[in-house]
Amino acid sequence: MTSITDLNFGDGFATAMAEREKSLAQSFGEIINTTAELCQSHKQFMKSAVDTCSKKCKDDETLFETIQTYKGDFEQKKVSTQEKRSAVSEVLSEIEQKEAQKDNICQEIERLREEQTKRKEFVVSQHKANKDRLRNLNKAKQVFQDRLGLEIRKIHGEKLQFIFRNIKPADQDSAYTFTMGLKEDGVYQIVSSAPALESLPGLEKRLQETNNFSAFLANVRKEFVSQARF
């Protein structure tokens with residue numbers, strides 16, 4: 001075993017310690033350098049993470065603003081769509097009303113056409129009836145003029161005046177008259193008589209029922225004759 005008093009041992013120990021310190025110093029320096037590199041790397045990572053998060057936040061804000069814009073546009077389009085639907089409903093309602101009015105007008109036109117046809121048929125019928133009455137009047141006129149001294153005059157208002165003579169034996173030229181016309185529906189209408197006959201309304205009614213004008217004239221003359229006797 002080497003003696004502690006050996007001088008070479010002291011030098012060797014010092015050299016070993018120096019190398020040990022040098023090795024420790026070198027290792028410590030490497031640790032410091034590694035720590036510095038790790039710190040720098042961590043700083044760069046954190047900066048990158050912060051930049052990434054910041055960009056992500058900005059992107060999220062942009063996305064949120066875009067969503068809000070889309071939402072606002074959607075609400076406007078929704079309101080516009082509701083207004084258009086309401087307008088369409090009003091137009092459809094107006095169309096339905098016009099269709100109903102059209103149907104009513106068509107029905108009214110058809111009713112008026114039917115009334116016009118009936119009125120035309122009525123006018124034709126009345127015209128024929130009036131022609132028949134006129135023919136009967138002419139026949140009666142001729143008979144009574146020839147046999148009973150009857151005179152028929154056309155006066156104002158499209159009326160006829162019937163003048164009977166040879167009624168009163170004491171005065172053959174004395175005139176007994178009555179005036180008559182036709183209503184719009186072709187019915188005979190007695191206007192007046194001179195002298196007045198109380199039985200004239202009844203004779204007029206019978207004439208309207210029988211349409212026998214010759215008999216009517218004969219009955220009127222009889223009434224005038226009867227009245228002339230008193």
Side-chain angles (χ1 to χ4, degrees), residues 37-138 154-161 178-192 200-213 216:
E37 291 177 356
L38 290 175
C39 288
Q40 185 65 29
S41 176
H42 179 70
K43 288 180 180 180
Q44 292 178 352
F45 173 78
M46 291 300 296
K47 184 177 181 302
S48 176
V50 169
D51 292 342
T52 300
C53 289
S54 177
K55 184 177 182 301
K56 180 66 176 174
C57 288
K58 290 181 178 179
D59 291 342
D60 289 344
E61 289 178 357
T62 302
L63 179 61
F64 178 76
E65 291 176 356
T66 303
I67 291 174
Q68 291 297 320
T69 301
Y70 285 158
K71 185 176 179 181
D73 292 342
F74 175 77
E75 292 296 330
Q76 291 180 355
K77 290 180 179 179
K78 182 178 179 181
V79 172
S80 177
T81 300
Q82 291 176 347
E83 292 176 350
K84 290 180 179 178
R85 287 180 178 176
S86 177
V88 169
S89 298
E90 292 179 358
V91 171
L92 291 176
S93 177
E94 184 176 354
I95 291 174
E96 291 177 355
Q97 292 178 358
K98 291 186 180 298
E99 286 293 332
Q101 292 177 357
K102 177 183 175 183
D103 292 340
N104 292 335
I105 291 173
C106 289
Q107 292 176 3
E108 183 65 16
I109 290 175
E110 185 63 26
R111 186 184 66 81
L112 292 175
R113 185 181 291 115
E114 292 177 355
E115 288 185 357
Q116 185 178 14
T117 300
K118 291 179 180 179
R119 191 177 295 112
K120 183 178 179 181
E121 292 174 351
F122 176 76
V123 170
V124 171
S125 175
Q126 288 301 314
H127 179 68
K128 183 178 181 300
N130 289 339
K131 286 179 66 177
D132 293 339
R133 290 188 178 95
L134 182 60
R135 185 167 55 251
N136 292 333
L137 283 173
N138 288 330
K154 185 176 181 181
I155 60 177
H156 65 279
E158 297 297 323
K159 295 181 177 61
L160 295 176
Q161 184 181 51
F178 74 90
T179 303
M180 71 177 303
L182 291 176
K183 296 182 180 179
E184 292 183 357
D185 55 1
V187 176
Y188 293 111
Q189 181 181 30
I190 307 301
V191 178
S192 64
L200 197 56
L203 297 176
E204 178 185 10
K205 182 178 179 181
R206 189 182 307 169
L207 171 62
Q208 293 172 353
E209 293 173 351
T210 63
N211 201 32
N212 190 336
F213 198 77
F216 170 75

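None of the values given here were measured: they were computed from a predicted structure.
Atoms OG1 and CG, on Thr179 and Leu160 in that order, are 9.0 Å from each other to the nearest 0.5 Å. Between atom CD1 of residue Ile190 and atom CG of residue Leu207 there is a gap of 6.5 Å, rounded to the nearest 0.5 Å. Thr62 OG1 to Ile67 CD1: the interatomic distance, rounded to the nearest 0.5 Å, is 11.0 Å. In this structure, OG1 in Thr69 is found 15.0 Å from CZ in Phe74, a value given to the nearest 0.5 Å. Taking NZ of Lys120 as the reference point, atom OG1 of Thr117 lies at 7.5 Å (rounded to 0.5 Å).
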Compile the donor-acceptor pairs under 3.5 Å between side chains in residues 91-100 and protein atoms, sequence neighbours left out, one pair per line.
none

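Taking the six-membered ring for Trp and the full ring otherwise, the centers of Phe216 and Tyr188 sit at least 6.0 Å from each other.
Within the 4.5 Å cutoff, the side chain of Gln76 has heavy atoms near those of the Asp73 side chain. Using a 4.5 Å heavy-atom threshold, the side chains of Lys43 and Lys47 count as separate. Put simply, the side chain of Gln44 does not reach to within 4.5 Å of the side chain of Ser48, judged on heavy atoms.
Gln82 CD: more than 12 foreign heavy atoms inside a 6.0 Å radius. At most 12 heavy atoms of other shown residues, nucleotides or ligands fall within 6.0 angstrom of atom CZ in Arg85.
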Verdict with reasoning, Phe213 to Met180, per side-chain contact (heavy atoms from CB on, under 4.5 Å): CA-CA 12 Å; Phe213 198 77; Met180 71 177 303; 3.4 Å; yes
Stepwise side-chain contact (heavy atoms from CB on, under 4.5 Å) test for Glu204 and Leu200: CA-CA 6 Å; Glu204 178 185 10; Leu200 197 56; 5.6 Å; no
Salt bridge (charged side-chain N to carboxylate O under 4.0 Å, His left out) assessment of Arg113 paired with Glu110: CA-CA 5 Å; Arg113 185 181 291 115; Glu110 185 63 26; 2.8 Å; yes
Stepwise side-chain contact (heavy atoms from CB on, under 4.5 Å) check, Leu112 with Glu115: CA-CA 5 Å; Leu112 292 175; Glu115 288 185 357; 4.0 Å; yes
Salt bridge (charged side-chain N to carboxylate O under 4.0 Å, His left out) assessment of Lys55 paired with Asp51: CA-CA 6 Å; Lys55 184 177 182 301; Asp51 292 342; over 6 Å; no
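Of the possible polar contacts, one joining the Thr81 side chain to the Lys77 backbone as a donor-acceptor pair under 3.5 Å is found. No donor-acceptor distance shorter than 3.5 angstrom exists from the side chain of Ser54 to the backbone of Val50, with no hydrogens or angles considered.
For Glu209, there are no salt bridge (Lys or Arg N to Asp or Glu O under 4.0 Å) partners two or more places apart in sequence or in a different chain.
Taking the charged nitrogens against the carboxylate oxygens, Glu114 and Arg111 have no contact shorter than 4.0 Å, which rules out a salt bridge.
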